[in-house]
Amino acid sequence: AAGPIAGLCDMTENSIHLYLLRDVTTWQEAASTDYPGSLVAAASVFASVKYGLLLIAIAAAAAALVQRGLARLRRVSPA
């Protein structure tokens, strides 16, 4: 479930960024625009949650691979 939730967080973060940049067409405008702090903070929170969930998903996948590898070693090892 972590993967799809991370995907939703990414989509929300990207949507916020697109909203913030809706009237910006040049680098100069991007640098001089005053962005609402609450929206910037919300995008940062969604990004942090996304990366946290992705790390959890990667750790779970790695743990499953290690468990699977250990189970195979136990089956082929002489008792």
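The first residue of the sequence shown is numbered 1, and numbering continues consecutively from there. The figures here come from the full heavy-atom set of this structure, side chains too, leaving out hydrogens, waters and symmetry mates. Quick caveat, the model's predicted, so the values are computed rather than measured.
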> Pairs in or reaching into residues 2-23: which pass salt bridge (charged side-chain N to carboxylate O under 4.0 Å, His left out), with residues at least two apart or in two chains?
Replying inline: Asp10-Lys50, Glu13-Lys50

> Sequence neighbours excluded, which residues qualify as side chain to side chain donor-acceptor pair (under 3.5 Å) partners of Ser38?
Replying inline: none

> Would Leu70 and Gln67 satisfy side chain to side chain contact (heavy atoms under 4.5 Å, CB included), going step by step from the backbone distance to the final call?
Replying inline: CA-CA 5 Å; Leu70 290 174; Gln67 277 186 328; 5.7 Å; no

> Cut-off 3.5 Å, side chains only: do Ser32 and Gln28 have a donor facing an acceptor?
Replying inline: no

> How long is the span from the CD1 atom in Ile56 to the OH atom in Tyr51, to the nearest 0.5 Å?
Replying inline: 15.0 Å

ILVMFWY network linking [X] to [Y], side-chain heavy atoms under 4.5 angstrom:
{"X": "Leu20", "Y": "Val24", "value": "yes"}
{"X": "Tyr19", "Y": "Tyr35", "value": "yes"}
{"X": "Leu55", "Y": "Val49", "value": "no"}

N/O donor to acceptor pairs below 3.5 angstrom from side-chain atoms of residues 39-48, sequence neighbours left out:
unit_1: Ser44; atom_1: OG; unit_2: Val40; atom_2: O; d: 3.0
unit_1: Ser48; atom_1: OG; unit_2: Ser44; atom_2: O; d: 3.0

